[in-house]
Amino acid sequence: MTVRVQEAPFDMGAEVEAFGKGLKGVGAIVTFSGIVRDEEGTLARMVIEHYAGMTEKALEKIEAEAVKRWNLAESLIIHRFGEMAPGDQIMMVATAARHRVDAFAAAEFLMDYLKSRAPFWKKEFGEDGDSWVAAKDEDEAALDRW
Amino acid sequence: MTVRVQEAPFDMGAEVEAFGKGLKGVGAIVTFSGIVRDEEGTLARMVIEHYAGMTEKALEKIEAEAVKRWNLAESLIIHRFGEMAPGDQIMMVATAARHRVDAFAAAEFLMDYLKSRAPFWKKEFGEDGDSWVAAKDEDEAALDRW
Amino acid sequence: MIDVLYFAWVRERIGLPKEKIETGAATVADLVEELRAREERYAVAFADLSALRVAVDQELTEFDASLEGAREVAFFPPMTGG
Amino acid sequence: MIDVLYFAWVRERIGLPKEKIETGAATVADLVEELRAREERYAVAFADLSALRVAVDQELTEFDASLEGAREVAFFPPMTGG
């Protein structure tokens with residue numbers, strides 16, 4: 001169970017490789033990675049602000065909840081803050097379990113909670129100036145299924 | 001949209017890295033990898049038999065169905081056959097989409113269909129001799145949700 | 001002449017992966033009947049059709065499927081990929 | 001004395017990320033009332049509480065939460081991680 005909040009980019013391939021190493025009794029690994037969409041070239045850059053101090057705590061709480069609900073052998077959350085360009089990786093989660101059902105459900109749960117319960121805020125800088133990304137009703141609604 | 005059926009091992013980290021490169025309009029990538037479980041040390045090796053000729057066709061059909069149902073920018077299925085040891089990677093799928101909901105749903109769909117509709121058969125060689133892995137009712141039932 | 005393929009424990013019970021069979025069977029089920037009548041090992045392999053799956057020309061199908069124009073029929077247990 | 005933090009557009013509207021505030025407010029809502037009364041920029045930032053979220057001592061909570069013993073209160077818009 002690992003949480004990392006960092007400004008630096010991360011190497012998705014290397015993280016996935018390292019995550020899978022040496023796990024016992026694991027038959028299924030699911031990963032998700034979130035990427036800055038290019039929005040057809042209108043987005044110049046994105047800046048993610050976060051609440052240093054609370055962020056790790058919030059992510060660890062979400063992860064602990066996932067561990068309570070599903071039979072997980074391991075999990076990982078990496079989330080960046082600071083400035084990013086279109087195509088850059090923003091974050092990733094990985095879950096390892098004996099069976100695929102647990103690995104998938106836990107990864108989706110982590111993503112749904114992380115979207116609207118971890119203190120990150122995205123600001124987009126584009127052709128038409130800059131604006132804070134608005135939270136989506138569907139992201140809030142996604143929590144109801146858990 | 002890529003399908004690869006091969007005997008050789010693959011490098012999950014490198015595959016994930018390559019899969020994400022140069023995709024346009026993508027905000028979400030989901031990967032699944034299936035691993036030979038060690039079964040507490042009782043499993044010596046696993047051999048996967050497949051139906052050469054039909055396998056690629058079956059996987060391409062499953063992938064085409066996923067593309068019809070969800071808004072995917074890219075997808076990948078790699079599945080090995082032949083001899084494997086506990087801890088080895090058997091297969092992986094990857095899906096890339098604008099939104100996470102599509103990427104997750106398509107990856108789960110691919111896995112559910114691949115489990116019981118692609119012509120692979122697993123045989124386990126262990127302490128108590130060898131045996132063909134039986135199909136699980138729950139895997140057949142998993143198809144009903146799609 | 002039709003190619004008949006066997007996989008996994010069906011292959012092991014019958015003792016070969018593939019054979020050419022001269023048959024006038026109209027459906028997969030008819031072909032199964034012919035095979036069952038051949039030898040004990042076929043009768044054993046095809047004892048319980050609910051434990052078997054069939055593909056005609058590399059497409060999954062049912063036991064009542066027609067063999068008209070078919071070049072290849074494959075018998076195997078439920079698949080266990082992933 | 002309590003640390004009050006602002007994030008995203010709340011921070012931008014109020015014009016600072018953090019300040020120490022001397023307050024006797026019993027709840028978050030009471031603190032919001034005090035802030036609104038201070039200056040126009042606070043009134044603007046806190047105009048619509050349904051557009052805001054609050055954390056007390058780094059735990060998400062509601063606007064009717066007590067401030068008893070609280071050291072840190074943070075105000076921000078709905079989160080947009082992932």
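Convention: sequence-line order gives letters A, B, ...; per-chain numbering from 1.
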Legend entry - Sub-4.5 Å side-chain heavy-atom contact between B/Glu49 and C/Phe76: no

Hey, does C/Pro77 have a side-chain heavy atom less than 4.5 Å from the side chain of B/Trp132?
no

Distance col, row C/Gln58:CD vs B/Tyr51:OH, nearest 0.5 angstrom, shows 4.5 Å

d(B/Lys115 NZ, C/Thr80 OG1) to nearest 0.5 Å is 8.5 Å

If one checks every heavy atom of C/Ala55 against chain B at 4.5 Å, the contacting part turns out to be side chain

Under 4.5 Å from any heavy atom of chain C, what part of [X] do you find: side chain, backbone, both or neither?
X	value
B/Arg80	neither
B/Ala58	neither
B/Leu114	both
B/Lys61	side chain
B/Lys123	side chain

Can you confirm whether more than 12 heavy atoms, excluding those of B/Asp137, are under 6.0 Å from its CG atom? no

Note: vs chain B, highest number of non-hydrogen pairs under 4.5 angstrom among C/Pro78, C/Ala51, C/Pro17 is C/Pro78

Greatest number of non-hydrogen atom pairs under 4.5 angstrom with chain B, of C/Glu12, C/Arg53, C/Glu72, falls to C/Glu12

Pair count under 4.5 Å, heavy atoms only, with chain C: among B/Gly34, B/Ala135, B/Ser33, highest is B/Ala135

Pair count under 4.5 Å, heavy atoms only, with chain C: among B/Lys136, B/Met92, B/Arg117, highest is B/Arg117

Look at the side chain of B/His79 and the backbone N and O of C/Gly82, then say whether any donor-acceptor pair between them is shorter than 3.5 Å. yes

Looking at B/Lys57 and C/Glu59, is there a salt bridge between them, counting it only when a charged N and a carboxylate O are closer than 4.0 Å? no

